[in-house]
Chemist: 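Questions regarding the structure given below will be posed in turn.
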There are 2 protein chains.
Amino acid sequence: MNSEDFAPVIIGKLLNIGGMLQRSGNQLLLPFNLNQQQFSILFSIEKAGKVQQKSMVNQLMLEKAHVSKIVKKLSEMGLIEIKADSEDKRSSWLSTTPEGSKIMKQCQKIITEWNKRWINGIDKNQLKSIADDLTLLQSVFKNGIEK
Amino acid sequence: MNSEDFAPVIIGKLLNIGGMLQRSGNQLLLPFNLNQQQFSILFSIEKAGKVQQKSMVNQLMLEKAHVSKIVKKLSEMGLIEIKADSEDKRSSWLSTTPEGSKIMKQCQKIITEWNKRWINGIDKNQLKSIADDLTLLQSVFKNGIEK
DNA sequence: ATAAATTAGTTTCCATGTCAACTATTTTTA
DNA sequence: TAAAAATAGTTGACATGGAAACTAATTTAT
């Protein structure tokens with residue numbers, strides 16, 4: 001078995017796992033009226049302190065229209081605050097409201113519980129090696145595949 | 001850093017990579033009027049020779065309603081054939097038409113080219129270890145996380 | 001053997017994700 | 001410095017994905 005044979009297997013599994021995780025995440029976040037993507041945006045905002053949409057578009061590799069709509073929803077839900085950027089009138093700064101932070105903590109608690117269950121039985125060193133592998137793949141796919 | 005710290009990192013990366021691959025796949029398959037999910041169903045049918053919806057629902061962990069709609073679309077596109085199951089009138093057997101097989105081959109050619117580009121520079125042994133890691137994760141997530 | 005439960009697949013409704021076109025602003029360049 | 005290009009974000013149209021309710025057939029249990 002040579003390198004080219006592993007590629008489709010890896011892609012297939014990544015797609016399959018990604019889909020399963022997305023659906024599990026949606027289920028897990030249902031009580032908060034958030035889905036996995038919305039959570040990841042809220043998480044990014046919380047983590048950054050304050051952030052502009054463009055940086056999330058670049059980091060998370062999402063459609064800007066998509067991010068825009070999620071930001072709108074999160075704002076309407078009262079989870080984030082939008083402040084005009086004094087230096088660039090096209091842009092604005094996003095940050096979580098106290099309510100948003102509170103929801104985040106609740107979400108993370110549930111997710112942590114869920115994580116504990118699936119890592120159960122997997123060796124710590126293997127987890128580390130998986131994380132490293134995924135870091136590699138992430139950068140490979142993120143930087144785009146050149147012609 | 002202990003096991004619990006790796007979990008959210010791994011999940012985050014898997015979700016991110018899964019999303020990127022899905023979007024790349026959709027782009028790649030655009031000329032064929034298929035998206036990544038539709039392709040994966042068509043691929044499953046081609047690979048199996050003949051198959052029923054239920055087995056794809058179980059293997060790919062997709063919503064049965066979703067599979068049903070994709071099957072309808074593929075059939076309307078003339079890529080698959082639907083034959084009644086003589087033993088169970090609720091069910092039917094799916095198989096690719098010659099046209100479907102032709103399209104599949106074209107898709108796979110493009111995907112193979114794309115794969116060659118991203119595996120470029122990654123060691124074969126590392127690819128093998130990534131594939132093994134993903135097999136583990138796939139089974140962990142597929143079998144569901146028990147309470 | 002019949003009623004109840006399960007299973008395979010479909011349909012409907014609705015939220016979501018994506019694309020393209022758009023506005024407004026900022027940066028580049030000629 | 002004025003025109004052209006690029007950038008940040010929004011909007012509208014449209015296909016997709018998912019939950020629930022549904023039909024029809026099959027299996028299980030009484």
Side-chain angles (χ1 to χ4, degrees), chain A residues 15-16 18-42 45 50-77 80 82-94, chain B residues 15-16 18-42 45 50-77 80 82-94:
Chain A
L15 282 164
N16 182 240
M20 289 193 293
L21 287 181
Q22 185 132 9
R23 287 183 286 276
S24 298
N26 290 343
Q27 286 302 318
L28 226 47
L29 296 166
L30 215 53
F32 304 101
N33 285 309
L34 291 171
N35 69 19
Q36 182 270 316
Q37 307 246 42
Q38 292 153 3
F39 171 80
S40 78
I41 294 286
L42 184 60
I45 298 172
K50 65 169 194 166
V51 69
Q52 289 167 311
Q53 290 191 34
K54 61 174 175 181
S55 81
M56 291 192 292
V57 167
N58 294 328
Q59 279 163 36
L60 304 175
M61 297 293 287
L62 298 173
E63 278 289 320
K64 62 179 181 174
H66 188 195
V67 172
S68 173
K69 283 174 191 170
I70 293 177
V71 162
K72 192 177 174 187
K73 179 181 173 176
L74 294 176
S75 165
E76 283 168 358
M77 288 175 78
I80 64 171
I82 305 178
K83 276 207 190 93
D85 179 350
S86 54
E87 299 191 351
D88 187 338
K89 287 175 190 164
R90 293 168 304 179
S91 185
S92 45
W93 291 97
L94 310 173
Chain B
L15 282 164
N16 183 241
M20 290 193 290
L21 288 182
Q22 184 132 8
R23 287 182 287 276
S24 298
N26 289 344
Q27 287 303 317
L28 226 48
L29 297 166
L30 214 53
F32 304 100
N33 286 308
L34 291 172
N35 69 19
Q36 181 272 315
Q37 306 244 41
Q38 291 154 3
F39 171 81
S40 79
I41 294 286
L42 184 59
I45 298 172
K50 65 169 195 168
V51 69
Q52 288 167 311
Q53 290 191 32
K54 62 175 174 180
S55 80
M56 292 192 291
V57 167
N58 294 330
Q59 280 164 35
L60 304 174
M61 297 294 286
L62 298 173
E63 278 289 321
K64 62 181 181 173
H66 187 196
V67 172
S68 172
K69 284 173 197 169
I70 293 178
V71 163
K72 191 177 175 188
K73 179 181 174 179
L74 294 176
S75 166
E76 284 166 358
M77 289 174 78
I80 64 170
I82 305 177
K83 277 206 191 96
D85 179 351
S86 54
E87 299 190 352
D88 187 338
K89 286 175 190 165
R90 293 167 305 177
S91 185
S92 46
W93 291 97
L94 311 173

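In what follows, chains carry the letters A, B, and so on, assigned in the order in which the sequence lines appear, proteins first and then strands, with residues in each chain numbered from 1.
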Chemist: B/Val51: which residues meet the side-chain contact (heavy atoms from CB on, under 4.5 Å) condition with it, sequence neighbours left out?
Modeler: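 Partners of B/Val51 under the side-chain contact (heavy atoms from CB on, under 4.5 Å) test: B/Ile45, B/Ala48, B/Ser55, B/Met56, B/Leu94.
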Chemist: Is A/Val67 close to A/Leu60 at the side-chain level, that is, under 4.5 Å between some pair of heavy atoms?
Modeler: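 Not touching, per the 4.5 Å side-chain cut-off.
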Chemist: Please state how far atom CE in A/Met61 lies from atom C1' in C/dG17, giving the value in whole angstrom units.
Modeler: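 My rounded result for the distance is 16 Å.
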Chemist: Looking only at non-hydrogen atoms, find the nearest pair between A/Leu15 and B/Gly18 and report the distance.
Modeler: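 Where A/Leu15 meets B/Gly18 most closely, the heavy atoms are CD2-O, 4.0 Å.
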Chemist: Find the distance between CE (A/Met77) and CD1 (A/Ile70) and round it off to the nearest 0.5 Å.
Modeler: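 Atom-to-atom, A/Met77:CE and A/Ile70:CD1 are 11.5 Å apart.
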Chemist: Go through DNA chain D in 5' to 3' direction and return only the first and the last nucleotide with some atom under 4.0 Å of chain A's heavy atoms.
Modeler: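 Result: D/dT7 to D/dA19.
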Chemist: According to salt bridge (charged side-chain N to carboxylate O under 4.0 Å, His left out), who are the partners of B/Asp88, at least two apart in sequence or on a separate chain?
Modeler: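 By the salt bridge (charged side-chain N to carboxylate O under 4.0 Å, His left out) rule, B/Asp88 matches B/Arg90.
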Chemist: Looking at B/Val71 and B/Ile80, what are the two nearest heavy atoms and their distance?
Modeler: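 Closest heavy-atom pair between B/Val71 and B/Ile80: O-CD1, 3.6 Å.
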Chemist: Rounded to whole Å, please give me the gap between CG in B/Asp85 and P in C/dG9.
Modeler: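 Rounded to the whole Å, the gap is 9 Å.
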Chemist: With sequence neighbours left out, write down each residue that passes side-chain hydrogen bond (donor to acceptor under 3.5 Å, both in side chains) with A/Gln53, or none if nothing qualifies.
Modeler: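 Partners of A/Gln53 by the side-chain hydrogen bond (donor to acceptor under 3.5 Å, both in side chains) criterion come out as none, since no residue qualifies.
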Chemist: How bent is the helix from C/dA1-D/dT30 to C/dA30-D/dT1, measuring the angle between the end axes built from five pairs each, rounded to 10°?
Modeler: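 The helix from C/dA1-D/dT30 to C/dA30-D/dT1 shows an end-to-end axis angle of 30°.
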Chemist: Which heavy atom of B/Ala84 sits nearest to which heavy atom of B/Ser92, and what is that distance?
Modeler: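 It is CA-CB, 4.0 Å.
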Chemist: Find the distance between NZ (B/Lys69) and CG (B/Leu62) and round it off to the nearest 0.5 Å.
Modeler: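 Rounded to the nearest 0.5 Å, the NZ-CG separation comes to 12.5 Å.
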Chemist: Of all residues at least two apart in sequence or in a different chain, which pass the side-chain hydrogen bond (donor to acceptor under 3.5 Å, both in side chains) check with A/Ser91?
Modeler: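 By the side-chain hydrogen bond (donor to acceptor under 3.5 Å, both in side chains) rule, A/Ser91 matches A/Gln52.
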Chemist: Pick the closest DNA chain D nucleotide for A/Ser92 and for A/Gly19 by heavy atoms, then say which residue is nearer the 5' end.
Modeler: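 Closer to the 5' end of DNA chain D: A/Ser92.
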Chemist: For DNA chain D, which residues of residues 62-70 of chain A approach it to below 4.0 angstrom with any heavy atom?
Modeler: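 Within this stretch, A/Lys64, A/Ala65, A/Ser68, A/Lys69 sit under 4.0 Å of the strand.
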Chemist: For nucleotides 26-28 of chain C, give me every protein contact, N/O to N/O, under 3.5 Å, one pair per line with atom names.
Modeler:
{"from": "C/dT26", "atom 1": "OP1", "to": "A/Lys89", "atom 2": "N", "distance (Å)": "3.0"}

Chemist: Short of 4.0 Å, heavy atom to strand atom, which residues of residues 25-40 of chain A count as contacting DNA chain D?
Modeler: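 Contacting residues: A/Gln27.
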Chemist: Name every donor-acceptor pair, under 3.5 Å, that has one atom in a side chain of residues 20-35 of chain B and the other anywhere in the protein, sequence neighbours excluded.
Modeler:
{"from": "B/Arg23", "atom 1": "NE", "to": "A/Met61", "atom 2": "O", "distance (Å)": "3.4"}
{"from": "B/Arg23", "atom 1": "NH2", "to": "A/Met61", "atom 2": "O", "distance (Å)": "3.0"}
{"from": "B/Ser24", "atom 1": "OG", "to": "B/Met20", "atom 2": "O", "distance (Å)": "3.0"}
{"from": "B/Asn26", "atom 1": "OD1", "to": "B/Gln36", "atom 2": "N", "distance (Å)": "2.8"}
{"from": "B/Asn26", "atom 1": "ND2", "to": "B/Gln22", "atom 2": "O", "distance (Å)": "3.4"}
{"from": "B/Asn35", "atom 1": "OD1", "to": "B/Gln37", "atom 2": "N", "distance (Å)": "3.1"}
{"from": "B/Asn35", "atom 1": "OD1", "to": "B/Gln38", "atom 2": "N", "distance (Å)": "2.8"}

Chemist: Tell me the interatomic distance from B/Met20, atom CE, to C/dT18, atom P, rounded to whole angstroms.
Modeler: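 Interatomic distance, CE of B/Met20 to P of C/dT18: 13 Å.
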